[in-house]
Amino acid sequence: MAVLVGVVVLVMILAQVWTEVLWFDQLGFVDVLKVEWGTQAILFVVGFALMAVGVGASMRYAYRSRPIYAPSTPEQAGLDQYREAIEPLRRLVMIIGPAVLGLFAGGAAAQQWSTVQLWLHAVHVGQKDPQYGIDVSFYMFTLPGLRFVVSLLMAVAVLSAIAALATHYLYGGLRVGGSAAQGPRTTRSARIHLAVVGALLMVLIGVNYWLDRYSVLMRSGDKFEGASYTDVSAVIPSKAILAGVAVFVAALFVITAVRGNWRLPTIGIALMVASAVAVGGIYPAVVQRFKVDPNQQDAEAPYIQRNIDATRQAFGIADVKVANYDAKVTAVAGALRSDAETTASIRLLDPQIVSPSFKQLQQNKAYYNFTDSLAVDRYTVNSASRDTVIAVRELDLAGLNVDQRNWVNDHTVYTHGFGVVAAYGNTTAVGGQPEFWEGGIPSAGEMGKYEERIYFSPKSPDYSIIGAPGGSANWELDYPDDASGGQVNTTFPTSRTSAGPSIGNPFNQLLYALKFGSEQIVFSNRVTNDSQILYDRDPRTRVGKVAPYLTLDGRVYPAVVDGRVVWIVDGYTTSDGYPYAASRSLEAATTDSVTQTSTTIAALAPKNVNYIRNSVKATVDAYDGSVKLYAWDTTDPVLKAWNSIFPTSLRPVSEISSQLMSHIRYPEDLFKVQRNLLTQYHVTTAPDFFSGGDFWANPADPSAEDQALPQPPYYLTLKMPDQTAAAFSLTSTFIPGGTNQRNVLTGFLAADAEAGSTAGKPAAEYGTLRLLELPRNSTVPGPGQVKNNFDADATVSSTLNLLTQQSSRVVRGNLLTLPVGGGLLYVQPVYVQSSTGTKFPLLQRVLVAFGDHIGFAPTLSLALDQVFGGDAGAVAGDAGVVPPTGTGATPAPTPTATPTPTATPTTTPTPATTANPDAQAALTTALANAKQALLDGQAALAANDFAAYGEAQKRLDAAIGAAIAAEQALGK
């Protein structure tokens with residue numbers, strides 16, 4: 001029976017362990033698993049041995065050195081009952097107790113495998129800390145390792161001392177009560193034992209104090225991180241003094257072991273406590289209160305400067321190109337003439353909003369789906385680089401009917417998604433739909449031929465079984481097709497391509513059946529000798545497993561590269577050991593309105609770091625799941641260390657193809673962390689930093705329902721003032737900091753996100769950060785003010801109210817900011833969607849602002865002309881889109897301080913309430929016509945009748961124009 005139980009337990013363990021080995025081996029990263037598990041195993045054994053042997057030896061020695069006869073005292077008499085009770089279990093307690101503690105210690109030690117590996121493979125950084133002149137590698141690699149060892153040994157010493165005290169006390173080697181006349185309170189053996197353990201503990205405490213001297217350089221203060229004046233003048237010397245006192249007390253314990261007098265170590269411990277209070281607490285407080293506080297700015301200036309320099313270096317913001325930008329607020333005709341390329345590329349499709357439109361127009365079948373947040377990339381279409389909103393048509397089993405859900409369908413028939421869908425970012429098609437340049441099943445458009453089957457994606461099923469013997473029928477659904485009787489089937493060619501571990505033998509089938517709790521894997525006829533099993537199919541999961549040392553960006557985006565769909569993942573190396581650098585919570589710095597509302601885009605993990613680099617670019621093939629890791633930042637010391645730990649994992653940048661290079665972009669989460677730091681660290685002088693008067697903030701997203709969340713950064717093609725041509729960039733804005741924020745613009749940040757298209761060589765300008773600083777007295781509206789101006793404008797308010805009928809809902813897109821025309825231009829797309837039934841947004845209007853000038857029209861080109869005196873000087877990407885007749889030629893609306901009162905669009909006004917009954921009747925009729933046009937338009941779209949939809953749009957625009965005219969007549 002015991003043998004049977006052992007076999008069952010072994011098989012259950014193998015179902016989790018051996019399947020991992022098979023998964024890593026299939027990907028070619030089994031060496032990563034060997035190093036990780038091997039290091040963890042060694043550390044577990046070391047931690048277990050140190051704790052179990054230390055505590056066990058302490059207990060055994062205390063027991064064996066017990067006095068033959070316990071002293072005849074009331075205290076010992078009271079302990080007799082405990083000795084008698086524990087005696088039958090004594091051997092077991094002395095084995096199980098240390099073993100349990102050893103398990104905890106071994107588990108804790110195993111978790112430090114990365115710390116130990118970095119310590120063993122530390123590399124020279126080339127930067128020295130400003131306090132001790134030691135290379136920064138000591139703080140990033142060596143110090144954490146030393147801290148780990150000292151902490152582990154201190155835990156062993158403390159628990160060994162507790163075990164020794166308890167055992168000696170229980171068996172008479174240590175007496176607590178009674179008088180000195182009754183003899184020594186410890187036996188000679190107990191005295192030597194406890195004194196030696198105490199001496200070891202004091203030495204370790206001394207070492208810990210000594211290491212504190214270096215850790216002070218990473219401490220957080222009230223105004224900045226790193227050692228302050230008080231730390232350098234008082235805390236660091238006090239740590240050295242306390243370390244010396246601890247070693248002195250250790251010597252007193254050694255004397256006690258030899259001479260037998262506990263008075264000396266007792267006095268030593270009291271001295272140590274007093275020193276910790278006086279030297280470690282009171283003295284630094286006195287220095288801070290009487291030396292620093294009255295002269296804090298001057299006293300702290302050198303240390304603040306250290307913090308500024310270290311932070312800018314550690315977070316890659318030391319080389320930001322800063323330029324003063326005296327932004328204009330007056331719009332003049334032709335102002336955009338020198339920014340024609342930027343104007344033509346302004347993105348109108350909001351990737352956070354248009355996913356439902358992609359689903360309705362390109363989903364094809366219910367078992368396909370798109371993520372709620374689409375990706376922005378750039379592709380060459382008809383020999384021109386175009387900003388593109390792209391999505392992968394993923395498999396979504398939740399779209400199947402209940403009667404279609406069974407094991408065979410879920411795991412052997414519906415195995416993969418199919419193709420990508422791409423739309424121009426800067427224009428739309430009829431009725432405000434996305435203008436797709438790639439779509440359909442099979443895929444058709446400008447992308448060219450590529451492998452369309454998507455076996456690996458963020459929303460793939462938990463596992464699928466692929467492959468079949470040659471000559472057998474195909475049973476995987478490939479794609480729907482009317483000409484083939486409803487669908488085309490396929491079989492993954494497992495004989496030529498490996499996409500997952502083989503389950504062609506009964507043993508592997510049994511292990512995976514246990515792993516997934518599916519006995520069908522063993523008994524199904526569809527599991528054959530040619531079968532492979534696909535699991536852990538999310539690209540982030542795959543990269544995270546083969547590169548456990550990376551922090552992965554919250555967004556994974558697809559690209560069609562060299563005939564394959566690949567997922568691109570940005571990986572970061574981080575550290576919390578860069579001296580004097582500011583510390584940031586990655587979760588807090590990367591949380592914004594998108595991460596809080598999206599189901600697919602997440603903020604980074606909640607850990608604090610003071611160093612970060614985008615050191616790795618990873619790709620996951622959507623067809624076969626293969627993972628490639630490219631060493632992007634070869635100067636990063638952390639990556640160099642990991643590369644020596646896993647020498648076969650990383651590929652050089654020279655292996656990146658031209659097509660892949662053209663889709664690599666500057667990562668969002670790194671940019672978010674950097675913009676968060678630049679709210680303070682754009683200030684580069686200590687006095688100004690101390691005052692904090694020029695600190696900024698990242699503005700809240702005015703388009704979000706929760707307007708307390710930061711605005712996300714946006715990918716745009718634009719030309720900064722010092723650039724000769726527009727480039728694909730990642731952008732963000734700044735407003736004044738403080739509790740009473742004025743929502744005016746203080747800065748504009750753009751990262752050059754264009755990696756170029758040269759194989760193996762990133763563009764020289766890639767990653768360049770450009771910061772435009774506006775004058776301190778700037779009145780350029782910030783995003784919040786612009787939203788307020790939009791809401792307050794009478795024409796905008798009236799039109800949006802008309803569009804917001806009972807059956808429809810207005811959705812405002814991302815509010816984009818662009819430095820053009822000598823100022824800052826704001827562009828916001830406005831979508832309308834049904835509020836019930838089939839709902840998907842269609843672009844109906846575009847809001848534009850430059851200073852206090854507002855444009856509002858069916859197309860961006862018309863809105864720009866409204867703002868810039870009838871001629872913007874450049875054309876937008878939607879210049880060729882013919883607006884419906886109605887409001888397209890309306891004159892530029894005049895911004896107003898407060899909205900003009902408007903009739904509620906869902907309520908018929910009463911003519912008796914106005915002095916102009918004709919105008920009131922015209923308004924009522926126009927509102928009714930607008931409502932009917934919206935209903936007709938939604939019905940036409942649902943029926944795919946685009947001719948009827950276009951006619952309804954014309955009637956809607958005519959009704960809106962009539963309503964606006966009627967309102968103006970009522971206001972006279």
Side-chain angles (χ1 to χ4, degrees), residues 23 26-29 355 358 362-365 367-371 373-375 377 379 388-397 414-422 438-443 445 447-467 476-479 490-494 496-500 532-546 552-553 555-571 600-601 617-630 656-657 659-660 662-665:
W23 189 90
Q26 184 274 325
L27 276 177
F29 286 89
S355 180
F358 273 56
Q362 289 288 336
Q363 184 177 11
N364 193 281
K365 292 293 184 179
Y367 48 79
Y368 293 132
N369 210 342
F370 299 101
T371 59
S373 181
L374 309 185
D377 203 345
Y379 284 82
T388 296
V389 176
I390 187 170
V392 169
R393 191 181 288 107
E394 299 184 59
L395 177 65
D396 182 11
L397 294 179
Y414 295 95
T415 59
H416 59 275
F418 203 89
V420 301
V421 176
E438 184 76 21
I441 297 180
S443 189
M447 193 74 75
K449 186 175 177 59
Y450 66 96
E451 176 55 66
E452 300 176 59
R453 297 168 182 86
I454 309 296
Y455 283 92
F456 296 85
S457 65
K459 297 298 183 181
S460 292
D462 54 351
Y463 75 92
S464 293
I465 295 174
I466 58 173
E476 288 183 54
L477 187 150
D478 201 18
Y479 59 88
T490 188
T491 296
F492 190 93
T494 54
R496 301 193 309 269
T497 305
S498 176
Q532 296 175 3
I533 187 167
L534 312 181
Y535 60 98
D536 287 340
R537 300 160 76 176
D538 181 355
R540 289 187 86 248
T541 300
R542 295 177 80 78
V543 175
K545 290 180 69 171
V546 302
L552 301 181
D553 195 271
R555 184 186 290 272
V556 175
Y557 63 99
V560 178
V561 174
D562 301 321
R564 302 290 276 265
V565 178
V566 299
W567 299 94
I568 300 177
V569 187
D570 284 287
T600 55
I601 310 302
K617 301 288 187 179
T619 63
V620 177
D621 193 299
Y623 180 66
D624 63 19
S626 57
V627 179
K628 296 179 181 178
L629 307 175
Y630 298 97
I656 296 180
S657 69
Q659 284 196 23
L660 177 56
S662 69
H663 294 291
I664 286 176
R665 65 189 192 187

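Note that this is a predicted model, so its numbers are computed, not measured. Position 1 is the first residue of the sequence, and the numbers go up from there.
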Would a 4.5 Å heavy-atom cut-off, applied to side chains only, mark [X] and [Y] as touching?
{"X": "Arg453", "Y": "Thr415", "answer": "no"}
{"X": "Ile441", "Y": "Glu452", "answer": "no"}
{"X": "Glu438", "Y": "Thr388", "answer": "no"}
{"X": "Thr371", "Y": "Glu394", "answer": "yes"}
{"X": "Pro539", "Y": "Pro458", "answer": "yes"}
{"X": "Trp23", "Y": "Val546", "answer": "yes"}
{"X": "Leu629", "Y": "Val543", "answer": "yes"}
{"X": "Ile466", "Y": "Thr494", "answer": "yes"}

Take Tyr479 and Asn364 through the test side chain to side chain contact (heavy atoms under 4.5 Å, CB included) and record every step on the way to the result. CA-CA 10 Å; Tyr479 59 88; Asn364 193 281; over 6 Å; no
The single option from Phe418, Tyr463, Phe492 that satisfies ring-ring contact (aromatic ring centres under 6.0 Å, His included) with Tyr455 is Phe492
Check whether the side chains of Asp562 and Ser657 place a donor and an acceptor atom closer than 3.5 Å, and report yes or no. yes
Atom NZ of Lys545 with >12 non-hydrogen neighbours under 6.0 angstrom: yes
Out of Arg542, Arg496, Arg564, which residue meets the salt bridge (Lys or Arg N to Asp or Glu O under 4.0 Å) rule with Asp624? Arg564
Side chain to side chain contact (heavy atoms under 4.5 Å, CB included) between Tyr535 and Thr541: does it pass, once the steps are laid out? CA-CA 10 Å; Tyr535 60 98; Thr541 300; over 6 Å; no
Could you walk me through whether Arg665 and Ile568 pass the side chain to side chain contact (heavy atoms under 4.5 Å, CB included) check? CA-CA 9 Å; Arg665 65 189 192 187; Ile568 300 177; over 6 Å; no
Qualifying residues under ring-ring contact (aromatic ring centres under 6.0 Å, His included), relative to Tyr368, sequence neighbours excluded: none
ring-ring contact (aromatic ring centres under 6.0 Å, His included) partners for Tyr630, two or more places apart: none
So does Phe456 get a backbone contact from the side chain of Trp567, meaning a donor-acceptor N/O pair under 3.5 Å? yes
I'd like to know if the side chain of Tyr557 reaches the main chain of His663, judged simply by a donor and an acceptor atom lying under 3.5 Å from each other, with no hydrogens or angles considered. yes
Gln362: side chain to side chain contact (heavy atoms under 4.5 Å, CB included) partners, not counting sequence neighbours: Phe370, Arg393, Val421, Phe436
When Val620, Thr600, Val569 are each screened for side-chain contact (heavy atoms from CB on, under 4.5 Å) with Val556, the one that passes is Val569
Report the C-alpha distance between Ser464 and Arg537 in whole Å, list the side-chain angles of each, state the deciding distance to 0.1 Å, and finish with yes or no for side chain to side chain contact (heavy atoms under 4.5 Å, CB included). CA-CA 10 Å; Ser464 293; Arg537 300 160 76 176; 2.7 Å; yes
